[in-house]
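Structure first, then comments.
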Amino acid sequence: MRIILLGPPGAGKGTQSARIVERFGIPQLSTGDMLRAAVAAGTPVGLEAKSIMESGGLVPDSVVVGIVADRIEEPDARGGFILDGFPRTVEQAAALDRMLADKNLSLDTVIEFAVNEEILVDRIAKRAAETAARGEPVRKDDTPEVFKTRLAAFRAQTAPLSAYYSSLGMLKTIDGMNPVDEVTNELMGALEPFASAPAS
């Protein structure tokens, strides 16, 4: 089962990813984690990424796709994987499709969590206030100002992926504003057919 989770920050992708991992036993692949692991392991693509990052540059799509390509060859990902946080752009999505095709693989489905952004911002503001009230440090990402910036970046870069995957007939949308367990139930129902399908 090879799937992508889409949705803005705060939509619940992390929570639901953990439940998919528990239910189906496939790894969640974070590009940040994979990048750090590739650099630490000194793989060819990791060394390339390291030199780019050390010079202050942005790691290009080709290198990120190369890191994903290496990671999905590892034994724990043979039965499938969850991509969360990648692809971020339509260009990355197309590059991912080409890489998978080269391996005679394809994605099974793309799940999008639809959310009300205004309510999300209110939730983040409330969470930040509660954290501060407990005397705990508020994560930089959890301030409403930073969160709004992240939402704007998501709208500009990543939201077009919905149309891209919809045009391929792969997009399934779930209401991310429902209670967490309801979202999980709908998500598992959407994924179940792919759990028993033969690997392509």
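Computed over heavy atoms, backbone and side chain alike; hydrogens, waters and symmetry mates excluded. In what follows, residues are counted from 1 in the order of the sequence shown. It should be emphasised that the depicted structure is a prediction, and the values quoted were computed from it without experimental measurement.
Looking at Leu29, Ile3, Ile111, Ile4 one by one, the single match for side chain to side chain contact (heavy atoms under 4.5 Å, CB included) with Ile82 turns out to be Ile3.
Heavy atoms only, all atoms of each residue included: Pro9 and Leu151 are closest at CD-CD2, 4.1 Å. Here the closest non-hydrogen pair linking Pro87 and Leu96 is CD-CD2, 4.0 Å. When all heavy atoms of Ala93 and Leu161 are compared, the closest pair comes out as CB-CD2, 3.6 Å. Looking at every heavy atom in both residues, Leu5 comes nearest to Ser17 through CD1-OG, 3.1 Å. Between Gly80 and Ile26, the shortest heavy-atom distance links the atoms O-CB, 3.7 Å. Of all the heavy atoms in Gly189 and Pro193, the pair that sits closest is O-CD, 3.4 Å.
By the 4.5 Å heavy-atom criterion applied to side chains, Val121 and Ile124 are not counted as neighbours. Glu186 places a side-chain heavy atom less than 4.5 Å from the side chain of Lys172. The side-chain heavy atoms of Val180 and Thr15, taken from C-beta on, include a pair separated by under 4.5 Å. With contacts defined as side-chain heavy-atom distances shorter than 4.5 Å, the pair Asp122/Lys126 does not qualify. At a threshold of 4.5 Å between non-hydrogen side-chain atoms, the residues Leu168 and Asp97 count as touching. At least one side-chain heavy atom of Leu6 sits under 4.5 Å from a side-chain heavy atom of Val110.
Going from atom CG of Leu105 over to atom CD1 of Ile72 covers 5.5 Å, rounded to the nearest 0.5 Å. Distance OG1/Thr149 to CZ/Phe147: 10.5 Å, rounded to 0.5 Å. Rounding to the nearest 0.5 Å places NZ of Lys50 at 12.0 Å from CG of Leu35. The structure places OG of Ser62 at 6.0 Å from CD of Glu48, a figure rounded to the nearest 0.5 Å. Remark: Glu136 CD to Thr131 OG1 distance equals 6.0 Å, nearest 0.5 Å. Note that the CD1 atom of Ile20 and the CG atom of Asp84 stand 9.0 Å from one another [nearest 0.5 Å].
Scored by the salt bridge (charged side-chain N to carboxylate O under 4.0 Å, His left out) test, Asp181 finds Arg19 as partners (sequence neighbours excluded). Every residue two or more places apart in sequence or in another chain that forms a side chain to side chain contact (heavy atoms under 4.5 Å, CB included) with Ala11 is listed here: Pro8, Phe113, Val115.
Under the 4.0 Å criterion applied to side-chain N and carboxylate O atoms, Glu117 and Lys148 are not assigned as salt-bridge partners. Of the charged side-chain nitrogens involved, at least one lies within less than 4.0 Å of a carboxylate oxygen, so that Arg23 and Glu192 count as a salt-bridged pair. Salt-bridge annotation for Asp33 and Arg71: absent, with no side-chain N of the basic residue lying under 4.0 Å from a carboxylate O of the acidic one.
No chain of hydrophobic side-chain contacts below 4.5 Å, direct or via other Ile, Leu, Val, Met, Phe, Trp or Tyr residues, connects Leu47 to Val64. Hydrophobic clustering of Ile, Leu, Val, Met, Phe, Trp and Tyr side chains at less than 4.5 Å, counting indirect connections, keeps Val146 apart from Phe154. Linking ILVMFWY side-chain heavy atoms closer than 4.5 Å, directly or via other members, places Ile174 and Val21 in a single hydrophobic cluster. Following chains of ILVMFWY side-chain contacts shorter than 4.5 Å, one can reach Val65 starting from Tyr164, so the two form part of one hydrophobic cluster. Under the 4.5 Å side-chain heavy-atom criterion for ILVMFWY residues, a single connected hydrophobic cluster contains both Leu107 and Met34.
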Residues Phe81, Met1; criterion side chain to side chain contact (heavy atoms under 4.5 Å, CB included); working and verdict
CA-CA 6 Å; Phe81 51 81; Met1 182 195 306; over 6 Å; no
Step-by-step side chain to side chain contact (heavy atoms under 4.5 Å, CB included) determination, Val63 to Ile67
CA-CA 6 Å; Val63 173; Ile67 285 169; 4.2 Å; yes
Please evaluate residues Arg123 and Arg127 with respect to the criterion side chain to side chain contact (heavy atoms under 4.5 Å, CB included), reporting the C-alpha separation (whole Å), side-chain torsions for both, the decisive distance (0.1 Å), and the verdict.
CA-CA 6 Å; Arg123 275 187 193 170; Arg127 189 163 76 189; over 6 Å; no
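A side-chain donor-acceptor contact under 3.5 Å links Lys13 to the backbone of Gly7. Looking only at distances, a side-chain donor or acceptor of Thr109 sits under 3.5 Å from a matching main-chain atom of Met170.
When only modelled atom types and interatomic distance are considered, Thr173 and Glu112 share a side-chain donor-acceptor pair under 3.5 Å.
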